[in-house]
Amino acid sequence: MLIHAVLGFALLETLVLAAVLLAFADRVAGARLLSAFLVGISLWMVGNELPNWFGPDTERVMMLLLSTAPFTSVLFFHFCVVFCRVNLGRAGLAAAYVLGAGATLSAMLMTPGHIEQHPDIGWIAVANPVGWVASMAWVVLGIGGVSVLLHALLRARREGDGQKFRQIAAVTASCLWGMLCLTGYGIAVLGWPVYPFPLLGLPLYSLILVYGILRYGVFVANAWARRALVWALLLALGALVVALTPLLTFESRWLGGLAVAASVLALNGPVRRVAERLVYPGGRVSIADLDAWRSALLPAETPEALAQQAAALLSQRIGTQVEVHIGEPPAPAPTSSSMPRLACSRRSSGDRWHATLHGWDAAPPGPRHVAELFGTVVAEAAARVEQAQHAAARERDRQLQARLAELGTLAATVAHDIRNPLNIISMAVAAAPGDTRREVAEQVARISNLTHDLLDYAKPWKLSVDTIDLATHVRNAALRLPDVSLGHGLDQPLWVPADPRRVDQVLTNLFENARVAASATDEPAAPGKAATHSHVHIDAERTADAVWLHVCDAGPGVPAEIRSRLFEPFASRSPGGTGLGLAIVARIMAAHGGSVVLAERAPWSTCFTLRFPLTTTSA
């Protein structure tokens, strides 16, 4: 009978799809639960067909298998909760499992119904009150699962998550299709004089459910779907040719077979293109598409923003989630479970930007062609973003140099104009009391230091690079600190290319800051006890491409309000300082191609980390 053949095919198909889901369990949330649900559907199908295969003596086994339907519905409900990321809590899921398991055990312990003969289906199960109670349990759980899907569907629509919306919509559509197919059993149980044709669509239920989930996440599923559609169309074409052969003037089987083969071969290409367009819509790219992509990518100003926008455009176009990487070298081909990627990069500074595809082996020619053309547009956009960033960097450098030149001119004028008044002030207090002379001398020295630092920060200068032992410079500079400890990283030579005078200037500025900060936490001696002194700790480490120097102290730390602008001029004004020490340190390190950052190194409250690259250029 036709229905038995269809149900047998649906059983085999459901088991195969359950295995497919297990193979891609790491790509889909709740895939193992859905696979278990499909196995439960298979048991239900076996239960319905068992008397038709082996006779009515298997009625008891049939009822046991049909009794598992409520627990199968629990698995479906649990899958919907996990797949839609709905937080019901353990109590909600526990209640569902108690309902499903209780209904299943009750139906197994008590007979849920009996079998009757139906002219179209054969032996069919008819429920008694126990069976109706069990049926109500799995209906309630099924409605709960569909409710979760509808809630998540509306949420995905509000949030604009197109891929999740399509996935949930496909699962919801498969559920509605499954309910429609089950009305075939309702027709048979109610004894309506209608053929239970809805059961003929049951094989599509599992197929829609699984493919709707994998369609937007696994390329291989799309390749299988395309091949299956091609074979289905070719078989239908062959059947049509066979049906039309009686209309021909000849009746030779050889000529009929030859006509079928010739028709299939002749139409193989068009059939494949039709299947590709059905599974992967939008395989053709027009000039208008290219212009639309260029316009959509135009607002991106950084490689990160460009990659994000490009991934959204390509994923929307081909209907599958795609990763886009900008500015990275071509990565090795990902594994079968990895997301397809488009990497836009260039091998060296003189090369053009180019796009390469990774993980597209399972994609048919249409989507791959779309991705290749899209990659050319992304490469153009990447070159534009790079040029814009270089132009912005040059403009920032030009403005910085202009500001420094203006500051240098101003500083030179101020330093010249202030020197004479300072000398006059110093001479005017020559006959004053000693305390007054000392106070005036300190303030004059502060002003002199400020003008010196301002001139040094603003004037243009170049490095005189030589190969120096940084460890020796650090140890010599540390001799001026009253309480300092040196780490083991300074026990061996640390050769770096650097300007020795500027390095000594950096160390002096940092060590002076550390000394002042550490002395701020010194505690006066209590009666009968010695005073406690905080100290400065200096250490270094070497990596493959740089030497790192850490200057730490246990002082009060850097206030949070100035951390973000700590290396800007006049951002930090320590007692007696000029506010330019850290700014000069940052400029010197940048000229060496290195950097200085405020780092975290327990147990120290403040730690400045200097990075000296092993290769540098004169600035």
Side-chain angles (χ1 to χ4, degrees), residues 400 404 408 449-482 484-487 489-490 493-518 536-543 545-553 555 558 562-563 565-574 576-599 601 604 606-619:
L400 177 61
L404 289 177
N449 291 335
L450 176 59
T451 55
H452 178 271
D453 286 347
L454 193 60
L455 282 171
D456 189 48
Y457 179 78
K459 71 180 180 182
W461 43 263
K462 290 187 177 182
L463 298 180
S464 298
V465 178
D466 195 3
T467 302
I468 66 172
D469 180 8
L470 183 61
T472 300
H473 279 257
V474 171
R475 286 194 296 270
N476 292 337
L479 294 176
R480 297 189 294 270
L481 295 177
V484 60
S485 61
L486 301 179
L490 296 169
L494 298 171
W495 299 100
V496 296
D499 185 330
R501 186 173 69 87
R502 291 295 178 181
V503 169
D504 288 340
Q505 187 178 5
V506 166
L507 297 177
T508 299
N509 287 354
L510 282 183
F511 290 177
E512 179 63 20
N513 278 359
R515 182 191 65 79
V516 173
V536 178
H537 181 73
I538 309 169
D539 202 355
E541 55 184 315
R542 183 188 182 98
T543 59
D545 59 349
V547 172
W548 303 79
L549 183 66
H550 310 288
V551 180
C552 308
D553 65 71
V558 178
I562 66 170
R563 283 177 173 265
R565 52 188 181 88
L566 185 60
F567 299 101
E568 297 177 3
F570 307 111
S572 174
R573 293 299 300 270
S574 59
T578 64
L580 288 170
L582 292 178
I584 293 174
V585 169
R587 189 180 178 200
I588 293 175
M589 294 306 300
H592 283 82
S595 61
V596 55
V597 296
L598 179 63
R601 288 177 68 86
W604 308 102
T606 305
C607 187
F608 289 97
T609 296
L610 303 173
R611 178 183 177 274
F612 290 88
L614 296 183
T615 58
T616 188
T617 56
S618 298

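To the nearest 0.5 angstrom, Leu582 atom CG is 15.5 Å from Arg587 atom CZ. From Trp495, atom CH2 reaches atom OG1 of Thr467 across 8.0 Å, with rounding to the nearest 0.5 Å. In this structure, the separation between CG on Leu507 and CG on Asn476 is 10.0 Å, given to the nearest 0.5 Å.
Between Arg601 and His537 the shortest side-chain heavy-atom distance does not fall below 4.5 Å. Two residues are said to be in side-chain contact when any heavy atoms from C-beta on lie closer than 4.5 Å; Asp539 and Leu486 fail this criterion. Side-chain contact between Leu610 and Val585 is present, with at least one heavy-atom pair separated by less than 4.5 Å. Annotation: side chain of Gln505 is in contact with side chain of Ile588 (closest heavy-atom distance under 4.5 Å). For the pair Val551/Trp604, no side-chain contact is recorded, criterion being any heavy-atom separation below 4.5 Å from C-beta on. The side-chain heavy atoms of Arg563 and Leu598, taken from C-beta on, include a pair separated by under 4.5 Å. Looking at heavy atoms from C-beta onward, Val474 lies in side-chain contact with Phe511 at the 4.5 angstrom threshold. Residues Leu549 and Ile538 have side chains in contact (heavy-atom distance under 4.5 Å, counting atoms from C-beta outward).
Heavy atoms only, all atoms of each residue included: Ala471 and Pro493 are closest at CB-CA, 4.5 Å. Across all their heavy atoms, Leu494 and Gly489 have their closest contact at CD1-O, 3.7 Å. Residues Val596 and Ala586 approach most closely at CG1-CA, 3.7 Å, considering heavy atoms. When all heavy atoms of His592 and Pro497 are compared, the pair lying nearest together is CD2-O, 4.1 Å. Of all heavy-atom pairs between Arg475 and Leu490, the closest is NH1-O, 2.6 Å. When all heavy atoms of Ala498 and Val503 are compared, the closest pair comes out as CB-CG2, 3.6 Å.
Look at Arg501 and Asp466 and you find no salt bridge, because none of the NZ, NE, NH1 or NH2 atoms lies under 4.0 Å from a carboxylate O.
A donor-acceptor distance shorter than 3.5 angstrom exists from the side chain of Asp499 to the backbone of Ser464, with no hydrogens or angles considered.
Counting only N and O atoms by type, the side chains of Trp548 and Thr609 include no donor and acceptor under 3.5 Å apart.
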task: Kindly determine whether Leu566 and Phe608 satisfy side chain to side chain contact (heavy atoms under 4.5 Å, CB included), including the steps that lead there.
output: CA-CA 11 Å; Leu566 185 60; Phe608 289 97; 3.6 Å; yes

Stepwise side chain to side chain contact (heavy atoms under 4.5 Å, CB included) check, Ser595 with Arg611: CA-CA 5 Å; Ser595 61; Arg611 178 183 177 274; 3.7 Å; yes

